[in-house]
Number of protein chains: 2
Amino acid sequence: MDTRERILHTGLELFTERGYEGTTLAAIAGQIGIKKPSLYAHFTNKEALFLAAVKKAVLEYNQIVSSELKASETESTESQLKTLLYRLAEVYYDEYTISQFYYRFLFFPPPELAPRMQELVVYHGSIADQHIEAVVQQGKDEGEIEPSLANDLITEAYLTLLSGIDFDIRYYDFNKKQIRTHVDRIWQVFWRGIRAS
Amino acid sequence: MDTRERILHTGLELFTERGYEGTTLAAIAGQIGIKKPSLYAHFTNKEALFLAAVKKAVLEYNQIVSSELKASETESTESQLKTLLYRLAEVYYDEYTISQFYYRFLFFPPPELAPRMQELVVYHGSIADQHIEAVVQQGKDEGEIEPSLANDLITEAYLTLLSGIDFDIRYYDFNKKQIRTHVDRIWQVFWRGIRAS
DNA sequence: GTCTATACGGCGATAGAC
DNA sequence: GTCTATCGCCGTATAGAC
């Protein structure tokens, strides 16, 4: 990993933990074993460093989500949708820094940088949307899912469920095992809500 | 409102918008028309001011949630649970500063203050838990809700749905009308999941 | 309880040698 | 590309008059 990458990597960690104003350039430099002024050989200033970290986080996070979506196997629709919930929830643990950074600054950006950050954020929502709608349609074709419920309605509910799980992980500080149990439990209600009657 | 209260009020606003390190004492003082050193007549230092704001936010937020819970009327179980979702979601808009402050610093506290903050946070989860379980039980008694689903299972799913709505408001930047539509839509799936078959 | 004046440190950023 | 040295500014916090 070259120096620029090491700076971004450490920057992501520290910005995640301490926020934009709470993170000093000296701390970033110190953690990778160089001095503060050396950073300026790689980035024009603190803002540019931070925005480069945002770009990296957005790209990586979307890539992680995409790869989890693609990895879904050809199981039953129910198990496919449920497995996807596990996987996307577990991104929080397996890619802790990226996902914490992503949500921290998506929800609470430094006000003066918010305009320039929005250009960098490409909503992955639409990618997930399409994928889930396709699985839902497959579930209908196979007679597993209630045909009278519109695909986009089911997808919307599913994504809100996913949001809720994401929220709960942070709010209740669930560990990986607790999250599995949590997903298992609420899935019973959700599946009952969309399965063919 | 006395000066101490005005300081806390403005502090909540600025901490919410700019974070702990991003908020300066001069900015707080300036916004209420006094000078920076005057703050020290009311709080021993910045940390104490912030922790007092945290205490205020936690108390007010829990009070708001509690009063929304108590306000539920004697309608059908379905409409009662659905109305509660609207109300709790709309707290975000009606009490924007308090609820943003609450979640910002619950999820992303200044690391050095996290220990002292935890003492101040009393989870309102258990209050909501009990209330919702009672409504669920009532729904079973009246034959509206599927009796084979455990009360705590339904409550857990309901609260995750609420978390998801909270998350979506912030993530998609929904306005009040969009949130009503969103809740209406996902409620169809959730209700189908818990209603008596 | 508010003010002016000021101390003190740490911040982002630059200059210039190697 | 990294360093030492240093600048200028602004942050929290204190002293002491009114």
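Order of the sequence lines fixes the chain letters, A, B, ..., with proteins taken first and strands second; residue numbering starts at 1 for each chain. Worth knowing before you read on, the calculation uses all heavy atoms, side chains too, and leaves out hydrogens, waters and symmetry mates.
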>> Strictly under 4.0 angstrom, non-hydrogen atoms only: write out the protein contact profile of nucleotides 6-18 of chain C, one letter per nucleotide from the 5' end, B, S or -.
In response: -----SBBB----
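Taking only side-chain nitrogens and oxygens, Ser38(B) comes nearer than 4.0 Å to OP1 or OP2 of dC3(C).
Side-chain contact of Tyr103(B) with Tyr61(B): a donor-acceptor pair under 3.5 Å is present, judged by distance alone.
With respect to the salt-bridge test (charged N to carboxylate O, under 4.0 angstrom), the residues Glu78(A) and Lys82(A) do not qualify. Of the charged side-chain nitrogens involved, at least one lies within less than 4.0 Å of a carboxylate oxygen, so that Glu146(A) and Arg192(B) count as a salt-bridged pair.
Regarding Arg6(B), its CZ atom lies at a distance of 13 Å from the P atom of dG1(C), rounded to whole Å. For the pair Glu5(A) CD and dG1(D) P, the computed distance is 14 Å after rounding to whole Å. Rounded to an integer number of Å, the gap from Lys35(A) NZ to dC3(D) C1' is 9 Å. Put simply, CZ on Phe43(B) is 13 Å from P on dA13(D), counting in whole angstrom units.
At least one side-chain heavy atom of Phe167(A) sits less than 4.5 Å from a side-chain heavy atom of Phe107(B).
Closest heavy-atom contact between Thr83(B) and Glu75(B): OG1-OE1, 3.9 Å.
Here side-chain hydrogen bond (donor to acceptor under 3.5 Å, both in side chains) pairs that include residues 135-144 of chain B, with residues two or more places apart or in two chains, are Thr77(B)-Glu144(B), Gln137(B)-Asp141(B), Gln137(B)-Asn151(B), Lys140(B)-Asn151(B).
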